[in-house]
Amino acid sequence: MTEEIDTGSEAYEVGLSHGWDHANFVDAYGKEHDRRTPAVPSCYQEITYGSAMYWSLTAAERGAEDNKRRTQHREFTAGWSEGKKRFRYGKYPDGTKIPD
């Protein structure tokens, strides 16, 4: 079950955690597992034509939902990049230094 996230700041935090975890995984298992773009959860992707959600919402509701999801997608991606960067600099996702 996917948890509903309403704000961009929460999407950023989720992305930060996912990015840090991804960088940790790549460090442990090798560069061949690295990728430039994140695996964005479906709850942050636009509603596609033909999906169940597409048909259950009116055009105005779909537009509002897509705008919210675009914002969340941007915030998630920014958090993902920041999480990868923090791992490279030897920090936890919350920004505290990893002890040597």
Side-chain angles (χ1 to χ4, degrees):
M1 182 173 158
T2 304
E3 181 180 312
E4 180 68 27
I5 297 176
D6 291 326
T7 63
S9 62
E10 290 177 4
Y12 180 85
E13 292 299 322
V14 171
L16 186 71
S17 176
H18 282 247
W20 194 90
D21 291 344
H22 173 70
N24 191 10
F25 178 82
V26 169
D27 186 55
Y29 293 102
K31 294 276 186 196
E32 65 272 10
H33 297 286
D34 200 6
R35 61 180 181 265
R36 291 189 168 269
T37 58
V40 179
S42 61
C43 63
Y44 301 137
Q45 295 179 6
E46 291 183 42
I47 301 168
T48 57
Y49 179 78
S51 68
M53 186 174 246
Y54 182 90
W55 298 112
S56 66
L57 299 174
T58 66
E61 291 171 334
R62 271 195 312 273
E65 183 67 20
D66 276 343
N67 286 336
K68 180 181 91 173
R69 287 172 177 239
R70 282 185 201 110
T71 301
Q72 290 173 330
H73 189 277
R74 272 193 311 273
E75 291 297 318
F76 179 88
T77 304
W80 189 79
S81 297
E82 180 65 23
K84 285 179 63 176
K85 188 186 311 179
R86 286 186 185 177
F87 183 83
R88 273 197 318 268
Y89 293 139
K91 296 180 179 180
Y92 289 113
D94 65 0
T96 58
K97 181 84 172 124
I98 297 173
D100 290 332

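- For H22, the side chain to side chain donor-acceptor pair (under 3.5 Å) partners are D34, not counting sequence neighbours.
- Checked against side chain to side chain donor-acceptor pair (under 3.5 Å), N67 has the following partners two or more places apart in sequence or in another chain: R70.
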Side chain to side chain contact (heavy atoms under 4.5 Å, CB included) between Y12 and W80, worked out | CA-CA 8 Å; Y12 180 85; W80 189 79; over 6 Å; no
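- If you take CD on Q72 and OG on S9, they are separated by 10.0 Å, rounding to the nearest 0.5 Å.
- Listed by chain and residue number, R74 satisfy the side chain to side chain donor-acceptor pair (under 3.5 Å) test with T71 (two or more places apart in sequence, or in another chain).
- F76 approaches P38 most closely through the heavy-atom pair CE2-CB, 4.0 Å.
- For K31, the NZ atom counts as loosely surrounded, since its 6.0 Å shell holds 12 or fewer non-hydrogen atoms of other residues, nucleotides or ligands.
- Contacts classified as ring-ring contact (aromatic ring centres under 6.0 Å, His included) and involving residues 81-100 (residues at least two apart or in different chains) are given here: W20-F87.
- Annotation: ring pair (Phe, Tyr, Trp, His ring centres under 6.0 Å) contacts of H73 (sequence neighbours excluded): none.
- When hydrophobic side chains of Ile, Leu, Val, Met, Phe, Trp and Tyr are connected at separations under 4.5 Å, Y29 ends up clustered with F25.
- In terms of the side chain to side chain contact (heavy atoms under 4.5 Å, CB included) criterion, residue partners of S51 (sequence neighbours excluded) are, by chain and number, I47, T48, M53, Y54.
- A donor-acceptor pair under 3.5 Å links the side-chain atoms of R62 to the main chain of L57, judged by distance alone.
- To the nearest 0.5 Å, the span separating OG1 on T77 from NE2 on H18 amounts to 12.0 Å.
- Considering only residues two or more places apart in sequence or on other chains, K85 meets the salt bridge (Lys or Arg N to Asp or Glu O under 4.0 Å) condition with E82.
- Taking OG from S42 and CZ from R69, the interatomic distance works out to 7.0 Å, rounded to the nearest 0.5 Å.
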Starting from the C-alpha separation in whole Å, work towards a yes-or-no answer on side chain to side chain contact (heavy atoms under 4.5 Å, CB included) for E75 and Y44.
-> CA-CA 10 Å; E75 291 297 318; Y44 301 137; over 6 Å; no
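- For S56, there are no side chain to side chain donor-acceptor pair (under 3.5 Å) partners at least two apart in sequence or on another chain.
- Qualifying side chain to side chain contact (heavy atoms under 4.5 Å, CB included) partners for T37, counting only residues two or more places apart in sequence or in other chains: none.
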